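I have placed the structure first, in the form of structure tokens, so that the comments after it can refer back to it.
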Amino acid sequence: MVSQTFTNGKAILYLVATPIGNLEEMTFRSINILKEVAVIACEDTRNTKTLTNYYNINTPLISYHEHNEKMMCEKLINILKEGKNIALVSDAGYPLISDPGSILVSEVLKAGFNVTTISGSCAFLNALVASNMDLSSFTFIGFLEAKSNARKKKLLELKERKETLIFYESVHRIEETLKDMLETLGNREITLARELTKKFEEYTRGSISEVLSSLNEFSKGEFVIVVQGNKEKEKVDDSLLLKEIDELVNKGERSKTAIEIIANKYNVKKNYVYNLYIKR
Ligand code: SAM
């Protein structure tokens, strides 16, 4: 038995992650949950049928996609009201991650039922972990706008962000999007992850211009773009450096030590701060 019971005893909506390519990337638990629930709400029944056939899952499928989300909520909540658990899957990866499901989660919670997640693949996590970028802090952006002007505007808003940024992109726009990134963000380091977990999986790591020039007629499929955050140093005002050195000296610190402390604090070369102090 893999399903769980919440203390309120109410029925559960399971958000089940499904493979982003390789069908074998299902967990024992996700298969068993999909077998146990009363229905599986899915984006495209034909797509999910491939998965359920592969694992001999005979649970009925109900179509739930961005155009019928609101209408289907009522139907699915009625099943929960009968005390039966249900699952939501998308075509790939986690439901709700650049996929439908937020409305259902919110309505199910509003109706007083339980919502939980069954772990599995997510395209941006795979790409990020193998990207060789700074993972201490990152932001998932997902799909950028379809029109170039709107896309560039959004990229300019993101330009100063220090953390690693992650985007989804389709084959139709990958070249245009990379060109817009080059124009707005500068020639940063990126990792382009293509066809993750599939036969032609590929990681291309390099500057945006290098990655752009590596694209060719075989660069098909689905893409995640992991972009280095803004690494340009902000120029610290000289008067601020001198003011803080003076404050330390006034408190009794030796000037040499004060210079070192402030240079370290603002990540500025010690020689630069020293010359500034002496010349004043
Ligand atoms: N829910 C999914 C998840 O958890 O990653 C994302 C679904 S979103 C509609 C589809 C986009 O995810 C694709 O256009 C691509 O950017 C990315 N993606 C999905 N599968 C991928 C794969 N196998 N390799 C690279 N990117 C993938």
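Order of listing sets the numbers, starting from 1, for every ligand and every atom in it. All values derive from a computational prediction rather than experimental measurement. Each residue takes its place number in the sequence, starting with 1.
Set against the non-hydrogen atoms of S98, the atoms of ligand 1 under 4.0 Å away are 8 (S), 9 (C). Residue G93 approaches ligand 1 through these ligand atoms, each under 4.0 Å from one of its heavy atoms: 3 (C), 4 (O). Under a 4.0 Å criterion applied to the non-hydrogen atoms of Y94, ligand 1 contributes the atoms 1 (N), 3 (C), 4 (O). Taking every non-hydrogen atom of K198 and a distance limit under 4.0 Å, the qualifying atoms of ligand 1 come out as 23 (N).
The shell of residues lying under 4.0 angstrom from ligand 1, judged by heavy atoms, includes F143. Contact annotation: D99 has at least one heavy atom less than 4.0 Å from an atom of ligand 1.
Atom NZ of K147 has 12 or fewer neighbouring heavy atoms from other residues, nucleotides or ligands inside a 6.0 Å radius. The local environment of OH in Y266 is crowded, with over 12 non-hydrogen atoms from other residues, nucleotides or ligands closer than 6.0 Å.
Put simply, the side chain of T177 never gets that close to the backbone of I174: no donor and acceptor are under 3.5 Å apart. Side chain of E169 to main chain of F223: no donor-acceptor pair is present (N/O by atom type, distance under 3.5 Å, no hydrogens or angles).
Geometrically, ligand 1 and L196 share a nitrogen or oxygen pair separated by less than 3.5 Å. Ligand 1 has a nitrogen or oxygen under 3.5 angstrom from a nitrogen or oxygen of I97. Annotation: S121 places no N or O atom under 3.5 Å from an N or O atom of ligand 1; distance criterion only. At least one N/O-N/O distance between I20 and ligand 1 falls below 3.5 Å.
F6 and L15 end up in different hydrophobic clusters when Ile, Leu, Val, Met, Phe, Trp and Tyr side chains are linked at under 4.5 Å.
Contact annotation for A123 and ligand 1: heavy atoms of both the backbone and the side chain come within less than 4.0 Å of the ligand. With a 4.0 Å cut-off on non-hydrogen atoms, F223 touches ligand 1 through its backbone and not its side chain. For E195, every heavy-atom contact with ligand 1 shorter than 4.0 Å involves the backbone, none the side chain.
Comparing heavy-atom distances from atom 3 (C) of ligand 1 across F140, Y168, F167 singles out Y168 as nearest.
Counting protein heavy atoms only, atom 13 (C) of ligand 1 is closest to E222 OE2, 3.4 Å. Here the protein heavy atom with the shortest distance to atom 26 (N) of ligand 1 is V224 CG2, 3.5 Å.
The distance between the ring centers of F167 and F140 does not fall below 6.0 angstrom.
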Step by step, would you call N126 with S121 a side chain to side chain donor-acceptor pair (under 3.5 Å)?
CA-CA 8 Å; N126 278 43; S121 319; 5.6 Å; no
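Here the rule is salt bridge (charged side-chain N to carboxylate O under 4.0 Å, His left out) with R151, and of E176, E145, E183 only E176 fits it.
Checked for salt-bridge contact, E247 and K251 miss the test: no charged N lies under 4.0 Å from a carboxylate O.
For the side chain to side chain contact (heavy atoms under 4.5 Å, CB included) test, residues two or more places apart in sequence or in another chain that qualify with E107 are C73, I77, I103, K110.
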